[in-house]
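Labels below follow one simple rule: chain letters A, B, ... track the order of the sequence lines, proteins then strands, and each chain is numbered from 1.
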Amino acid sequence: MSPVSTSNSRIVYDSLKACGIRLMSALPETWLVHLIRMAEEDAEMTLVRLAKEEEGVGISAGAHLAGVKSAMLMQNHGFLASINGIVSCAQLYHIPLLMLISYRGEFGERDPWQTEGGGVTEDVLRALRIPFSHLDRADQVPARIADAQALALSANKPVALLLCRNLMWEEGG
Amino acid sequence: MKRLDPLNAIYSRLEERIVVTIMGACAAELQSIGHRPHFFYLQHAMGLASSMGLGIALSKPDRQVVVLDGDGSILMNLGGLTTLARYRPRNLVHVVFDNQSLLSVGGFPTATATGTDLAGIAAAAGVPRTETVSMLDAFTRAFDEALGAGDLTTIVAKVEAVGPAAFVTDLSLLENRFQFARAIRS
């Protein structure tokens with residue numbers, strides 16, 4: 001059994017659906033496995049599996065201009081790999097962009113290779129002036145996702161939600 | 001051929017379709033022929049025009065989408081060709097104007113100048129229809145065949161490394177963005 005929380009992934013997924021999200025781009029990462037599978041099994045959702053996360057910015061921008069609400073699922077290292085697209089496409093053209101970013105490399109991380117990205121994620125979000133919040137408690141997830149999407153749409157800008165270990169990972173330690 | 005020649009040749013077809021272009025010469029030249037509300041010029045974010053085209057094509061399956069790309073841009077997003085092929089939007093025609101250089105930043109040669117075959121890369125990525133053309137009549141035929149085929153096509157058009165004197169036009173980026181969204185949503 002994967003220690004990734006199926007029930008909390010379901011809450012996240014259903015909250016995205018409740019906001020009208022009908023297209024998701026994703027690059028697989030451990031914490032996202034259930035979310036990606038849920039998107040794959042949902043006939044109402046268009047799932048676009050990427051080769052690299054920055055493509056997702058272009059895909060979401062195209063979907064938005066065409067009137068379809070979308071979200072990006074990625075690891076924080078994927079967010080770091082997407083920055084020019086976020087700045088030069090989504091911010092330059094005032095595109096609402098809902099980014100769900102698995103927050104690897106924070107307290108509790110046991111994979112040494114994740115730790116450097118974890119240390120810079122919030123600073124980079126602030127430097128880019130991207131509003132962000134943490135998803136770390138299941139009961140807060142629906143409202144926080146709805147609020148993030150509301151701001152993305154009203155401000156026409158990217159917003160980020162950090163998927164935290166407490167929410168996504170059920171194994172202790 | 002010069003890029004302006006194929007643009008002129010297919011302009012009447014573009015007028016009936018959703019068009020996404022890359023920045024620089026391609027955007028300025030299409031505008032010089034005539035801007036339309038359903039033309040979008042991605043004036044930065046090199047590499048993402050093809051990804052934007054995919055997002056639009058998946059969201060608007062009943063409309064044909066034409067992406068006017070360039071060698072320097074697609075070389076920044078070769079992985080995106082695999083994504084394009086994977087989802088195979090049958091309503092997308094992907095034209096790559098290959099002038100073998102980064103014209104707008106001084107004309108430095110790209111890898112296609114030393115033999116990189118973009119149509120070959122697209123085909124190997126899984127794009128079902130690919131072709132390289134260097135003459136105007138061959139380009140026009142390939143483009144019309146792609147529109148009629150109803151399948152994802154990448155056409156690499158070899159063009160001269162020349163462009164307009166200036167790249168900035170009087171169409172502001174945000175004006176273009178909001179006008180385009182309104183036009184293609186309706």
> Roughly how far apart are B:Y87 OH and A:I59 CD1, rounded to 0.5 Å?
Replying inline: 8.5 Å
> Which bit of A:L92 comes within less than 4.5 Å of chain B, counting heavy atoms only: side chain, backbone, both or neither?
Replying inline: both
> Within a radius of less than 6.0 Å around CG of B:D170, do more than 12 heavy atoms belonging to other residues, nucleotides or ligands occur?
Replying inline: no
>> Using side-chain heavy atoms (C-beta onward) and a distance below 4.5 Å, is A:L65 in contact with B:M52?
In response: yes
> B:I10, B:L30: one ILVMFWY side-chain cluster at the under-4.5 Å cut-off?
Replying inline: yes
> Got a sec: does the NZ of A:K17 have more than 12 other heavy atoms crowding it under 6.0 Å?
Replying inline: yes
> Are B:V66 and B:L136 connected in the hydrophobic side-chain network, where two residues link if heavy atoms are under 4.5 Å apart?
Replying inline: yes
> Distance from A:C89 atom SG to B:Q43 atom CD, nearest 0.5 Å?
Replying inline: 12.0 Å
> Distance-only, no hydrogens or angles: does the A:R22 side chain make a donor-acceptor pair with backbone N or O of B:S59 under 3.5 Å?
Replying inline: no
> Can you name the side chain to side chain donor-acceptor pair (under 3.5 Å) partners of B:T169, sequence neighbours left out?
Replying inline: B:Q31
>> With a sphere of 6.0 Å drawn around NZ of B:K158, does it hold more than 12 non-hydrogen atoms of other residues, nucleotides or ligands?
In response: yes
> Which pair of non-hydrogen atoms, one from A:A51 and one from B:T82, has the smallest distance, and what is that distance?
Replying inline: CB-OG1, 3.8 Å
>> When you group the ILVMFWY residues by side-chain heavy-atom contacts below 4.5 Å and let the links chain together, are A:L97 and A:L151 in the same group?
In response: no
> Which bit of A:I95 comes within less than 4.5 Å of chain B, counting heavy atoms only: side chain, backbone, both or neither?
Replying inline: both
>> Would you say CZ of B:R182 has more than 12 non-hydrogen atoms from neighbouring residues, nucleotides or ligands within 6.0 angstrom?
In response: no
> Do you know which of A:G67, A:G58, A:A61, A:S60 has the most heavy-atom pairs under 4.5 Å to chain B?
Replying inline: A:G58
> Got A:E54 and B:L48 here, is their nearest side-chain heavy-atom distance under 4.5 Å?
Replying inline: yes
> Roughly how far apart are A:H94 NE2 and B:L173 CG, rounded to 0.5 Å?
Replying inline: 9.5 Å
> In Å and rounded to the nearest 0.5 Å, what is the CZ to NE2 distance from B:R177 to A:H64?
Replying inline: 4.0 Å
> Would you say the side chain of A:V57 lies within less than 4.5 Å of the side chain of B:S51, judging by non-hydrogen atoms?
Replying inline: no
> When hydrophobic residues are tied together by side-chain contacts of less than 4.5 Å, even through go-betweens, does B:V67 share a cluster with B:F40?
Replying inline: yes
>> Set out, in order, the CA-CA distance, both residues' side-chain angles and the distance that settles side-chain contact (heavy atoms from CB on, under 4.5 Å) for B:N77 and A:E55, then state yes or no.
In response: CA-CA 8 Å; B:N77 190 11; A:E55 296 170 53; 3.5 Å; yes
> Roughly how far, to the nearest 0.5 Å, is the OG1 atom of A:T46 from the CG atom of B:L58?
Replying inline: 6.5 Å
> Taking the six-membered ring for Trp, are B:Y41 and A:Y93 ring centroids under 6.0 Å apart?
Replying inline: no
>> Hydrophobic cluster membership, with links at side-chain heavy-atom distances under 4.5 Å among I/L/V/M/F/W/Y: are B:F97 and B:M76 in one?
In response: no
>> Using a 6.0 Å cut-off, check whether atom NE2 of A:H134 has over 12 heavy atoms from anything other than its own residue.
In response: yes
>> So which residue, B:G55, B:G47, B:G79, ends up with the most heavy-atom pairs under 4.5 Å with chain A?
In response: B:G55
> A:V48 versus chain B, heavy atoms under 4.5 Å apart: side chain, backbone, both or neither?
Replying inline: both
